[in-house]
Amino acid sequence: MNQKKTKIISYWILAGPPLILFLSVILFPILFSLIISLSNWSGSGSLQWVGLKNYIEIIHDRIFFHGLRNNLLIVAISVLGQIPLGFVLAYILYRKIVQREKFFETMIFLPITISPVVIAILWNQIFSTSGLYTSIIRKISNNPRYVVSIFENQSLAIIPILFVILWMYTGMYMVMYLANLQKISPSILEAAEIDGASESQILLHIIFPFMQGVIMTTTIFAITGSLKSFDLIYAMTGGGPAHFTEVIAIYMYTNTFKYYKYGFGSAVSIIIVLLSVGLIFLLQILSRRLDRKYS
Amino acid sequence: MLQSKNLWKIFSYFVMILFSILTIGPLLWLLYSSFKPHAAIVRSPLAFPSGFYVENYIRSWRLGKLGIYFLNSIIYATVPTIITVFFAMSSGYAFSKFHFRSSHVLYGIYLTGLLVTVHSVIVPLFILETRIGIDNTRLGVIIPYIAFALPFQIFLSTSYIKGIPDSLEEAALIDGASYLAIFMKIIIPVATPIIATMTIFTFLSNWNEFILVLTLTSRVAIRSLPVGINSFAGGMSRDYGLQFAALVVGTAPMIVFYLFFHEQLAKGFSAGVSKE
């Protein structure tokens with residue numbers, strides 16, 4: 001009895017303090033966020049209930065939908081760009097197809113360690129009129145007046161940002177895949193090679209099935225990460241010009257902290273959470289379908 | 001057969017070299033441009049500097065108050081990291097070795113927390129901090145840093161501690177050691193590898209964090225380096241030389257950090273998705 005009591009007390013000494021901190025910073029604010037999203041609170045004064053008015057206003061806002069579209073493009077470049085590319089890069093390093101693989105691994109992973117804000121300002125400079133990219137294109141094309149004008153196009157302005165995102169985060173997936181590939185027993189691959197299996201057969205029949213679970217997990221990471229994208233775009237364009245590069249997180253931030261529409265901003269936050277839960281749910285249904293097809 | 005192998009090789013070198021150029025090129029350009037005065041950068045962006053113009057560094061450090069930001073970044077990267085790792089270890093021990101029914105529930109709550117983004121709680125968090133009066137203080141930054149790092153770190157620590165054999169703990173219990181003594185004297189020393197990984201990983205993400213500091217603070221004296229550097233992007237400075245120097249100050253520590261802890265950092269990124 002006494003023994004059991006000390007066990008319980010020890011348990012709560014170990015797990016209690018972090019739990020209190022976690023619940024008060026995350027769980028409590030989320031519930032609070034739900035409540036504010038049903039009001040038109042402006043940060044001071046009393047709450048005034050407006051029901052679903054904020055949500056209705058959001059789904060009638062064209063800026064929100066442009067932001068959503070940009071977000072979905074970021075999801076697409078992450079899931080269809082970073083993940084396959086990261087896999088291919090990891091595979092090349094794993095199979096030692098190139099020499100100096102440590103050097104290449106370092107170069108691809110390095111951008112991850114740099115602050116997104118620094119990356120954003122740096123690439124902004126590269127694309128600017130006196131930037132690295134602009135100058136090189138001017139030299140190559142022999143056109144001293146060349147400028148990057150893509151940011152002025154409403155539907156294309158997001159492309160340079162997608163490029164930076166692809167460059168910046170692919171290394172993260174590469175490292176995850178590489179670590180897991182290294183767990184495959186080399187004897188299986190040797191046996192397959194002796195049996196005369198080609199590179200693509202090894203990839204398709206041995207490596208791919210082994211990595212399926214990992215690919216699934218990284219895809220979930222990619223989706224939640226994409227919906228969160230804020231830092232890079234905030235520092236690179238701030239969502240501008242004229243909301244062309246806006247994403248939902250920036251839309252939320254501007255409405256809340258610039259226009260003091262706390263209720264409206266909270267509603268946008270809730271939508272971000274619902275979207276990421278929904279996308280992950282969709283992904284799980286898709287992968288279950290895929291599993292059934294395989295077996 | 002030979003042909004397809006060669007094609008693979010050519011393709012592989014092509015992507016690897018392309019990525020390397022994309023990483024080295026911008027960083028190299030940034031570094032040497034930071035030693036050129038503004039006018040020289042605008043006039044000939046590609047040219048190497050004619051001398052070592054260190055004025056950019058001196059002025060951006062002073063004008064941009066980078067010293068204060070740097071100090072704050074060090075505080076925000078170290079203090080919450082130490083607490084996070086300690087909390088994650090204690091929770092991990094509780095969840096993996098005590099076998100209580102509540103441990104599954106609590107562990108589940110943390111795992112769901114992985115899905116919660118900073119953005120979805122930032123508004124109420126900001127209000128909450130204003131009410132308690134810890135907005136615009138270092139404490140108000142440190143607490144959320146710990147809370148947001150916990151889910152992933154607990155995920156790592158729990159799965160690691162699960163792998164530590166129960167016999168170690170049982171022997172100590174028979175010898176009359178308390179649970180807390182076991183935690184400090186057995187679990188922590190045995191878990192050193194994962195502690196190293198967790199520390200480096202958390203340190204890096206705290207160092208680069210941006211939105212929490214941006215929204216929860218407005219006083220220069222408690223803001224961090226990314227927020228400080230961001231002010232160079234806006235109206236504060238149209239001087240590219242100053243901006244580049246500030247960017248180098250923001251980048252260099254992490255590149256040095258990366259070169260030192262490269263292996264552990266890669267482990268941290270891969271640990272979370274490992275297939276058992």
- Go through the atoms of A:T134 and report whether side chain, backbone, both or neither lie under 4.5 Å from a heavy atom of chain B. neither
- Task: Run the numbers on B:L22 and A:F163 for side-chain contact (heavy atoms from CB on, under 4.5 Å), then give the verdict.
- Result: CA-CA 11 Å; B:L22 282 174; A:F163 166 77; 3.9 Å; yes
- Message: Heavy-atom pairs under 4.5 Å with chain B: which of A:I220, A:V268, A:V175, A:I26 has the most?
- Response: A:I26
- Between B:T84, B:I255, B:V227, B:L214, which residue shows the highest count of heavy-atom pairs closer than 4.5 Å to chain A? B:L214
- Note on the structure: For A:T6 and B:Y179 the tightest heavy-atom approach is O-CD1, 4.4 Å
- Item | side chain to side chain contact (heavy atoms under 4.5 Å, CB included) partner of A:F22, chosen from B:I109, B:I154, B:L106 | B:I109
- Task: Check B:S12 against A:V98 and note the closest heavy-atom contact, atom names and distance.
- Result: CB-CG1, 3.6 Å
- Task: Identify which part of A:I271 has an atom lying under 4.5 Å from any heavy atom of chain B, answering side chain, backbone, both or neither.
- Result: neither
- Message: Measuring only between side-chain heavy atoms, which start at C-beta, is A:F230 closer than 4.5 Å to B:V118?
- Response: no
- Query: When the ring centroid of B:F98 is compared with that of A:W12, is the distance short of 6.0 Å?
  - Reply: no
- Message: Out of B:F100, B:F183, B:Y93, return the one with the most heavy atom pairs under 4.5 angstrom to chain A.
- Response: B:F100
- Message: Just verifying a value: how many Å separate A:T113 OG1 and B:H262 NE2, rounded to the nearest 0.5 Å?
- Response: 10.0 Å
- Query: Less than 4.5 Å apart, any side-chain heavy atom of A:V25 and any of B:Y145?
  - Reply: no
- Sorted by chain and residue number, the salt bridge (Lys or Arg N to Asp or Glu O under 4.0 Å) partners of A:R95 (sequence neighbours excluded) come out as A:E193, A:E199
- Message: Less than 4.5 Å apart, side chain to side chain, heavy atoms only: is that true for B:F244 and A:L122?
- Response: no
- Looking at A:I92, A:I9, A:L27, which one has more heavy-atom pairs under 4.5 Å with chain B than the rest? A:I92
- Message: If you compare all heavy atoms of B:N230 against all heavy atoms of A:A235, which two are closest, and at what distance to 0.1 Å?
- Response: OD1-CB, 3.6 Å
- Return yes when atom NZ of A:K139 has more than 12 non-hydrogen atoms of other residues, nucleotides or ligands closer than 6.0 Å, and no otherwise. no
- Query: Which heavy atom in B:I41 sits nearest to a heavy atom in A:S130, and how many Å separate them?
  - Reply: O-CB, 4.0 Å
- A:Y234 versus chain B, heavy atoms under 4.5 Å apart: side chain, backbone, both or neither? side chain
- Task: With a 4.5 Å cut-off on heavy-atom pairs, point out which of A:I121, A:V273, A:L132 contacts chain B the most.
- Result: A:L132
- Winner by heavy-atom pair count (cut-off under 4.5 Å) against chain A, out of B:S103, B:A88, B:G113, B:G250: B:S103
- Query: Does any heavy atom of chain B fall under 4.5 Å from the side chain of A:I13, the backbone, both, or neither of them?
  - Reply: side chain
- Query: If you count heavy-atom pairs under 4.5 Å between each of A:A15, A:S128, A:S115 and chain B, which one has the most?
  - Reply: A:S115
- Item | Test item: B:M16 and A:E101 side chains (from C-beta on) under 4.5 Å apart, heavy atoms | no
- Would you mind checking which part of A:Y173 comes under 4.5 Å of any heavy atom in chain B, side chain (CB onward), backbone (N, CA, C, O), both or neither? neither
- Task: Would you please classify the geometry between the B:Y258 ring and the A:F109 ring as parallel, tilted or perpendicular, with 30° and 60° separating the classes?
- Result: tilted
- At what distance, to the nearest 0.5 angstrom, does CD1 of B:I127 lie from OG1 of A:T256? 9.0 Å
- In terms of heavy-atom pairs under 4.5 Å with chain A, which of B:F148, B:F95, B:F257 leads? B:F148
- Check each atom of A:V88 against the heavy atoms of chain B and say whether the ones under 4.5 Å are side chain, backbone, both or neither. side chain
- Message: I'd like to know which of A:I272, A:L89, A:I36 tops the heavy-atom pair count under 4.5 Å against chain B.
- Response: A:L89
- Query: For the candidates B:I24, B:L46, B:I83, which exhibits the highest count of non-hydrogen atom pairs separated by less than 4.5 Å from chain A?
  - Reply: B:L46
- Query: Are B:N208 and A:V118 close enough that some pair of their side-chain heavy atoms sits under 4.5 Å apart?
  - Reply: no
- Looking only at heavy atoms, the pair that brings A:Y262 and B:V123 closest together is CD2-CG1, 3.3 Å
- Message: Working to the nearest 0.5 angstrom, can you tell me the gap between B:I122 CD1 and A:M252 CE?
- Response: 6.5 Å
- Item | CD1-CE distance between B:I17 and A:M107, expressed to the nearest 0.5 angstrom | 13.0 Å
- Measure A:I8 against the heavy atoms of chain B and call it side chain, backbone, both or neither at under 4.5 Å. both
- For each of B:L225, B:L204, B:V42, B:I211, tally heavy-atom pairs with chain A at distances under 4.5 Å, and name the one with the top tally. B:I211
- Item | Region of A:K96 in contact with chain B, defined by heavy-atom distances below 4.5 Å | neither
- Task: Apply side-chain contact (heavy atoms from CB on, under 4.5 Å) to B:V121 and A:F32, showing your working.
- Result: CA-CA 9 Å; B:V121 299; A:F32 198 41; over 6 Å; no
- How many angstroms lie between CG in A:L110 and CG in B:L259, if you round to the nearest 0.5 Å? 7.0 Å
- Should B:F19 and A:M174 count as side-chain neighbours, where that means a heavy-atom distance under 4.5 Å? no
- Note on the structure: Whatever's closer than 4.5 Å to a heavy atom in chain A on B:W8 counts as both
- Task: Please look at B:I143 and chain A and tell me whether the side chain, the backbone, both or neither of the residue comes under 4.5 angstrom of a heavy atom of that chain.
- Result: both
- Task: Fit a plane to each ring of A:F257 and B:F126, take the angle between them on a 0 to 90° scale, and name the class: parallel (under 30°), tilted (30 to 60°) or perpendicular (over 60°).
- Result: perpendicular
- Task: Among A:I270, A:T106, A:I35, A:I119, single out the residue with the greatest number of heavy-atom pairs under 4.5 Å to chain B.
- Result: A:T106
- Approximate separation, where rounding is to 0.5 Å, of B:Q243 CD and A:N124 CG: 8.0 Å
- Count the heavy atoms belonging to other residues, nucleotides or ligands that lie under 6.0 Å from OH of B:Y32, then report whether that count exceeds 12. yes
- Report yes or no: do A:Y11 and B:S102 form a side-chain donor-acceptor pair below 3.5 Å? yes
- Heavy-atom closest pair, residues A:P18 and B:S91: CG-OG, 3.3 Å
- Task: Sort A:I97 into side chain, backbone, both or neither according to what part of it lies under 4.5 angstrom from a heavy atom of chain B.
- Result: both
- chain A contact via B:L150 - which portion, at a heavy-atom distance below 4.5 Å: side chain
